[in-house]
Amino acid sequence: MIINALEVTAMLPFFILIFSILFLTLFISLNRNILFVFITSIFSLFISLLSIPFIYFKLPQNISVLFHIDIISINYICMILLISLITCIFSYSWLQSSSYVNKEEFYLLLLLSTLGSIVVAISNHIFSFFLGIELLSLPLLGLIGYDLRCKKSLNSTFKFAILSSLSSIFFLLSIVFLYLSIGSLKINNLINALELHYLKNNLIFLCGNVFFLSSILFKLSIFPFHLWTASVYNGSPMSIFLYLSNISKIALMYFLIQIFSHLYFFNNKKFYFFLQTIIFFSIFLGSIRIIFEKNIKKILGYLSIIQSGYLLSILIINLCFNVINLQIINIYLITYLISNIGIFSVLTLIDIKWNISKINKLSKYKGLFWKDPFLTIMMTIFLLSVAGFPLTIGFIGKLYLLTGIINHNLWILGLGFVFGSVLGILNCFRIITLLYSSLEYASYKINMINTNLIYFLHSIIFLFFVLVIFLGIFPKYLFIFFKF
């Protein structure tokens with residue numbers, strides 16, 4: 001297999017990450033320096049982002065039969081790199097304040113998982129897609145169980161390992177069935193088979209798609225494969241929540257777009273009803289569980305389930321247009337991502353400063369405003385954005401979703417949207433009321449951390465706060481950006 005210069009250029013972010021991983025592996029084996037590893041990781045992710053403009057106008061490119069890179073996939077690679085970059089920055093203070101012996105491997109695992117996410121986003125073959133999913137998931141085991149002294153962390157790691165292995169088995173079974181039925185594992189051939197209505201005439205192909213869909217639903221935490229989420233989140237470090245909650249969703253979105261953009265040829269009302277039903281239960285059950293939950297990490301787990309339902313909803317709505325409107329999907333994704341980065345960044349910084357997440361009780365956030373007014377105000381705005389309040393960026397995404405549901409009479413999705421929105425607002429005000437109540441945790445010890453770094457983390461949070469408000473008030477700039 002020969003790769004030309006254009007193909008090498010198109011894979012530039014991919015090769016930068018590979019080189020960084022190899023370099024850090026060699027460096028860590030010879031010497032341990034958390035600051036150097038941190039700077040190198042940040043530098044590699046930042047350079048990968050800067051390389052995007054150089055390859056933007058040389059797309060699309062096919063790299064053998066395994067990968068296809070186009071402008072759409074590049075957008076998702078940018079989102080993946082941004083999530084990883086923010087996670088790297090906020091995790092440094094957490095690692096610095098901890099007493100772990102081996103801190104450097106955290107960044108190595110994060111870069112490996114990021115590499116797997118990019119492989120998923122650019123895959124043009126089921127085999128490369130499977131390798132990407134596994135490369136994404138396996139380092140997550142190390143990140144989830146990084147706090148070896150915590151029994152909850154080890155418990156979450158074992159649960160995720162067992163269930164992720166089961167998901168991988170389903171995926172491998174789907175590969176066997178798909179290859180038996182169509183004789184190829186290229187995604188384009190899979191799409192062609194869907195267009196030719198193989199599902200109606202070929203039982204083996206149907207079984208392959210059932211196993212394949214089950215594996216994808218597990219990765220997205222969609223009903224009925226959602227029960228593991230809250231339990232795994234409960235034992236995970238707060239510093240990886242942003243990455244854990246968003247990376248699989250963003251990486252899988254482009255693949256789902258490729259599949260869903262051709263599903264309108266398969267006009268099956270039962271299949272549409274099935275998709276709407278699992279979305280409804282994901283949103284409804286997640287919202288119900290949050291009302292009665294008092295563990296902040298489990299609340300974030302249920303929030304992840306709800307958001308997976310909303311993300312899949314926007315694809316279903318586009319499916320009803322008989323064409324995938326990428327601008328609508330990208331706008332919804334960026335509104336979702338900015339709000340999530342904001343709220344998880346605030347929670348991570350609170351954990352860094354006061355170690356509240358070790359207790360995990362929502363009541364320990366009571367009176368946060370009297371301890372840190374800045375973070376409380378930021379968190380309030382991000383919560384309102386996630387709930388979809390007007391004058392925030394989250395309202396734009398919810399408005400698109402509601403408009404699509406009404407235009408196409410998707411009443412099952414509409415019912416889920418109403419339940420999710422109403423219960424989301426109630427949960428939002430429950431948490432906000434708690435934040436502004438009388439002070440509860442004044443006796444908690446503040447970690448001794450670098451003041452300059454904390455100011456830098458505050459500035460990042462403030463930047464996303466400005467984006468949430470500015471793009472919520474002036475959404476036309478968001479449309480102009482994606483139109484460009």
Side-chain angles (χ1 to χ4, degrees), residues 7-21 41-61 63 67-90 110-124 132 135-136 242-258 307 311 314-315 324-342 344-345 393 396-397 460 463-464 466-468 470-471 477-484:
E7 291 172 347
V8 171
T9 305
M11 295 282 285
L12 203 53
F14 185 83
F15 288 128
I16 290 171
L17 283 179
I18 289 180
F19 176 78
S20 302
I21 290 167
S41 302
I42 294 295
F43 181 76
S44 64
L45 291 169
F46 189 67
I47 293 298
S48 298
L49 272 172
L50 289 182
S51 69
I52 299 297
F54 294 100
I55 67 177
Y56 206 79
F57 298 102
K58 298 177 182 179
L59 302 176
Q61 291 289 334
I63 293 85
F67 304 112
H68 174 75
I69 305 177
D70 55 19
I71 293 175
I72 306 167
S73 60
I74 283 295
N75 292 335
Y76 290 89
I77 290 173
C78 287
M79 294 182 197
I80 290 167
L81 291 173
L82 178 62
I83 292 170
S84 301
L85 186 63
I86 297 296
T87 304
C88 271
I89 293 171
F90 277 85
L110 189 64
L111 291 179
L112 280 168
S113 185
T114 303
L115 184 65
S117 306
I118 292 176
V119 170
V120 171
I122 64 175
S123 290
N124 196 35
L135 188 56
L136 187 160
L242 171 63
Y243 190 84
L244 182 63
S245 178
N246 296 284
I247 199 69
S248 296
K249 299 181 182 68
I250 300 298
L252 288 169
M253 276 300 290
Y254 180 55
F255 174 80
L256 291 176
I257 287 171
Q258 291 185 78
Q307 290 174 335
L311 285 173
I314 204 73
L315 284 177
I324 292 293
N325 190 326
L326 291 172
Q327 185 177 357
I328 291 176
I329 293 174
N330 286 336
I331 287 174
Y332 186 86
L333 268 176
I334 202 67
T335 59
Y336 155 82
L337 190 58
I338 290 175
S339 300
N340 271 263
I341 289 175
F344 284 113
S345 298
I393 196 172
I396 309 302
I460 294 175
L463 173 63
F464 283 97
V466 171
L467 286 174
V468 165
F470 180 78
L471 294 177
Y477 293 104
L478 194 60
F479 304 140
I480 292 170
F481 173 76
F482 280 108
K483 188 176 181 181
F484 171 77

Non-hydrogen side-chain atoms of P13 and I47 separated by less than 4.5 Å: no

Qualifying residue for side-chain contact (heavy atoms from CB on, under 4.5 Å) with L85, from L81, T87, I89: I89

Verdict with supporting geometry, I250 and Y76, side chain to side chain contact (heavy atoms under 4.5 Å, CB included): CA-CA 7 Å; I250 300 298; Y76 290 89; 4.1 Å; yes

Ring centres under 6.0 angstrom apart (F90, F344): no

Considering all heavy atoms, the nearest S44-I16 contact: O-CG2, 3.6 Å

Distance (rounded to the nearest 0.5 Å) between L337 CG and I83 CD1: 4.5 Å

S73 side-chain N/O to D70 backbone N/O, donor-acceptor pair under 3.5 Å: yes

Criterion side chain to side chain contact (heavy atoms under 4.5 Å, CB included) on L136 and L112, from CA distance to verdict: CA-CA 7 Å; L136 187 160; L112 280 168; over 6 Å; no

Criterion side chain to side chain contact (heavy atoms under 4.5 Å, CB included) on L82 and I341, from CA distance to verdict: CA-CA 10 Å; L82 178 62; I341 289 175; 4.0 Å; yes

Over all atoms of both residues, closest heavy-atom pair of F67 and N124: C-CB, 3.8 Å

F470, CZ atom: more than 12 neighbouring heavy atoms under 6.0 Å: yes

Give every donor-acceptor pair under 3.5 Å between a side-chain atom in residues 116-123 and any protein atom, sequence neighbours left out.
residue : atom : partner : partner atom : Å
S117    : OG   : S113    : O            : 2.9
S123    : OG   : V119    : O            : 2.5
S123    : OG   : S128    : OG           : 3.4
S123    : OG   : F129    : N            : 3.4

Residue pair Y243, T114: steps toward the side chain to side chain contact (heavy atoms under 4.5 Å, CB included) verdict: CA-CA 9 Å; Y243 190 84; T114 303; 3.5 Å; yes

N246 side chain reached by M79 side chain, heavy atoms, under 4.5 Å: no

